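Here is how names work: the chains are called A, B, and so on, in the same order as the sequence lines, proteins then strands, and each is numbered from 1. Computed from a predicted model, the values in this text were never measured in an experiment.
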Number of protein chains: 2
Amino acid sequence: MTTLRLLMNPNLFLRDPQETELGRKILEDSILLIDELGFEKFTFKKLALKIESTEASIYRYFENKHKLLVYLNSWYWSWVEYRIDFSTQNILNVADRLEIALKIISEKKVKDPFFPQIDEEALDRIVIAESDKAYQTKQVDEDNKEGLFLGYKSLCHKIATYIVEINPEFKYPNSLVSTVLQASHQQLFYAQHLPSLTDFTGDSTCANAQNKEFLKEIVFKAISK
Amino acid sequence: MTTLRLLMNPNLFLRDPQETELGRKILEDSILLIDELGFEKFTFKKLALKIESTEASIYRYFENKHKLLVYLNSWYWSWVEYRIDFSTQNILNVADRLEIALKIISEKKVKDPFFPQIDEEALDRIVIAESDKAYQTKQVDEDNKEGLFLGYKSLCHKIATYIVEINPEFKYPNSLVSTVLQASHQQLFYAQHLPSLTDFTGDSTCANAQNKEFLKEIVFKAISK
DNA sequence: TCCGTCATGATAGTTTTACTATCATAATTG
DNA sequence: CAATTATGATAGTAAAACTATCATGACGGA
């Protein structure tokens with residue numbers, strides 16, 4: 001089995017974590033630790049302890065834990081886009097491509113053997129629970145200028161082009177896609193923690209099926225003429 | 001002019017900040033300071049300095065800054081619900097009521113003279129920029145059990161009942177409302193900071209008009225039979 | 001094989017945050 | 001007038017979020 005590597009924007013890190021043993025360990029275990037502790041209680045000191053390295057060494061890879069979170073988010077969205085590209089190969093009908101994309105976005109994430117070091121299930125939980133913290137900061141504009149959100153933007157843009165192709169008159173393709181990408185995670189979060197804000201059931205398999213149906217309904221009705 | 005007071009869940013605070021001069025000053029200036037610094041850089045120490053009080057005194061009102069943020073959010077959503085109630089008085093047609101609600105949600109917030117101490121414009125910016133931090137924590141479930149999110153839930157539920165009345169067969173009224181409430185803020189945030197993720201224009205007056213149109217289109221199409 | 005560089009580890013130190021505790025004092029209330 | 005209670009003043013602690021310095025060991029080239 002081939003091992004793939006997603007190309008990441010160099011502004012996300014100080015030293016490329018995919019290049020070295022320690023770097024890969026930082027990625028691998030930071031996912032597990034953030035999933036376990038939550039982003040606020042997660043510290044580089046605790047991570048250092050877990051991987052039997054030092055705080056200083058981790059700081060050589062990432063400026064701070066915020067950048068690490070942005071990196072993980074970026075990796076996640078690039079991974080989702082890659083999976084959509086993979087699954088829409090040779091699908092000629094745009095509406096079909098859109099449906100596949102929505103399916104991948106809404107479905108339960110499982111281990112991808114192409115990326116053995118990454119626990120995609122844990123990463124999915126992190127992105128669901130913490131992703132807003134990656135851009136809801138006073139430094140958004142600087143981070144954006146450095147291109148830290150290109151992974152997400154790229155995915156958003158790709159799906160928006162499907163929509164434009166299906167209905168060129170629809171005025172809000174980008175807004176609709178970014179709304180739906182967010183809604184997908186938000187509704188799963190609500191299903192688990194604030195059930196009265198959703199109509200999804202707590203059971204996760206079921207919730208994912210409802211998620212897919214909900215997104216499809218919103219999107220296809222919105223872009224219908 | 002009457003001065004109103006919104007009834008808040010006592011679990012949100014240690015001592016009721018609406019009851020005392022100092023408490024009201026904490027609310028008033030914390031809004032200004034969080035707006036200015038962002039939630040991460042905001043501390044009780046800095047707030048104490050600003051209002052010429054002490055850290056210890058502020059801790060007597062709020063357990064920590066997280067609870068204060070939850071309080072401000074809760075106040076905001078209760079305020080929005082009150083404005084919707086006010087504006088839908090004597091409107092018999094449900095679709096009209098829904099449209100009014102969407103208008104209030106999406107429109108630019110301005111000073112409400114009924115609540116002289118609260119800078120609603122600044123609070124609106126805070127909720128747009130920071131609100132997800134109020135529930136994206138490892139303590140969501142405890143906070144939820146204490147009823148800290150009842151303000152938001154109540155608003156969500158109210159609008160969902162409009163939708164059920166308009167189309168009782170629609171399967172996702174709560175999901176649609178919570179999606180749209182979030183989208184409203186998110187799209188305005190994107191318009192300012194990540195414009196490629198939205199189709200709204202940067203200009204805020206214009207963005208609010210597009211916001212309203214976008215929300216209306218999504219909602220009314222989604223619930224159409 | 002020797003030299004240089006470079007990644008990592010070990011250690012220590014700083015500032016700030018997020019509290020907690022104690023005591024004095026001033027205002028209010030019964 | 002006594003008792004309570006809100007606030008202020010001050011101090012202190014543990015942890016977080018870094019920064020700096022130096023030693024070591026691996027590795028790659030000459």
Side-chain angles (χ1 to χ4, degrees), chain A residues 10-30 33-34 36-72 117 130 133-134 136-139 142-143, chain B residues 10-30 33-34 36-72 117 130 133-134 136-139 142-143:
Chain A
N11 288 329
L12 288 162
F13 50 79
L14 297 172
R15 211 201 292 306
D16 189 342
Q18 295 191 109
E19 290 276 303
T20 67
E21 208 39 62
L22 179 63
R24 286 184 291 268
K25 204 136 184 37
I26 291 173
L27 294 181
E28 180 176 1
D29 286 82
S30 67
L33 201 56
I34 294 174
E36 183 189 336
L37 302 177
F39 185 64
E40 344 296 322
K41 302 242 161 142
F42 166 85
T43 68
F44 278 2
K45 191 157 205 167
K46 290 172 188 167
L47 177 59
L49 207 77
K50 189 182 172 88
I51 65 178
E52 286 170 302
S53 175
T54 62
E55 239 183 313
S57 295
I58 297 171
Y59 272 107
R60 288 176 185 121
Y61 283 85
F62 291 100
E63 223 177 300
N64 50 49
K65 70 174 188 169
H66 170 251
K67 284 276 170 83
L68 171 59
L69 182 67
V70 176
Y71 182 100
L72 294 177
Q117 309 248 7
E130 323 270 9
K133 293 166 194 161
Q136 291 211 343
T137 71
K138 280 276 170 189
Q139 353 141 29
E142 294 157 53
D143 286 357
Chain B
N11 288 329
L12 288 162
F13 49 79
L14 297 172
R15 210 201 292 306
D16 188 342
Q18 295 191 110
E19 290 276 304
T20 68
E21 208 41 60
L22 179 62
R24 285 185 291 269
K25 203 132 183 43
I26 290 173
L27 294 181
E28 181 177 359
D29 287 81
S30 67
L33 201 55
I34 294 174
E36 182 189 336
L37 301 177
F39 185 64
E40 342 298 320
K41 302 242 161 143
F42 166 85
T43 68
F44 279 2
K45 190 157 205 167
K46 290 173 187 167
L47 177 58
L49 206 77
K50 190 182 171 88
I51 65 178
E52 286 169 302
S53 176
T54 62
E55 239 183 312
S57 295
I58 298 172
Y59 273 106
R60 288 176 185 123
Y61 283 86
F62 292 100
E63 223 177 299
N64 49 50
K65 71 173 187 169
H66 170 251
K67 283 276 171 82
L68 171 58
L69 182 66
V70 176
Y71 182 99
L72 294 177
Q117 309 248 10
E130 323 270 8
K133 292 166 194 162
Q136 291 211 341
T137 71
K138 281 277 170 190
Q139 353 140 28
E142 294 157 53
D143 286 357

Expected string for nucleotides 21-30 of chain C under the B/S/- scheme (protein heavy atoms, under 4.0 Å, primed atoms plus P, OP1, OP2 as sugar-phosphate) is B---------

Within this structure, what is the [atom1]-to-[atom2] distance between [X] and [N], rounded to whole angstrom?
X       : N      : atom1 : atom2 : result
A:Leu22 : D:dG25 : CG    : P     : 18 Å
B:Tyr59 : D:dA9  : OH    : C1'   : 17 Å
B:Glu40 : D:dA17 : CD    : P     : 11 Å
A:Leu14 : C:dC6  : CG    : P     : 17 Å
A:Ile58 : C:dA10 : CD1   : C1'   : 14 Å
B:Phe62 : D:dT7  : CZ    : P     : 13 Å
B:Phe39 : C:dT17 : CZ    : P     : 13 Å
A:Asp16 : C:dA7  : CG    : C1'   : 14 Å

Which pair of non-hydrogen atoms, one from A:Asn64 and one from A:Tyr59, has the smallest distance, and what is that distance?
-> CA-CE2, 4.4 Å

Which pair of heavy atoms, one from B:Leu22 and one from B:Ser57, lies closest together, and at what distance?
-> CD2-CB, 4.0 Å

Side chains of [X] and [Y]: does their closest heavy-atom pair fall under 4.5 Å?
X        : Y        : value
B:Lys46  : B:Lys41  : yes
B:Lys138 : A:Glu36  : no
A:Gln136 : B:Lys133 : yes
B:Lys67  : B:Asp143 : yes
A:Phe42  : A:Leu69  : no

Quick one: label B:Tyr61 by what it contacts on the DNA or RNA (base, sugar-phosphate, nothing), any heavy atom closer than 4.0 Å.
-> sugar-phosphate

Approximate separation, where rounding is to 0.5 Å, of B:Phe13 CZ and B:Asn11 CG | 8.5 Å

Separation of B:Tyr61 OH from B:Leu27 CG (nearest 0.5 Å) | 9.5 Å

Give a yes/no on whether any side-chain N or O of A:Arg15 is located under 4.0 angstrom from OP1 or OP2 of C:dC6.
-> no

Specify the residues of residues 41-55 of chain A, ordered by number, for which at least one heavy atom lies under 4.0 angstrom from an atom of DNA chain C.
-> A:Glu52, A:Ser53, A:Thr54

Whichever of B:Glu21 and A:Lys65 has its nearest DNA chain D nucleotide further upstream toward 5' = B:Glu21

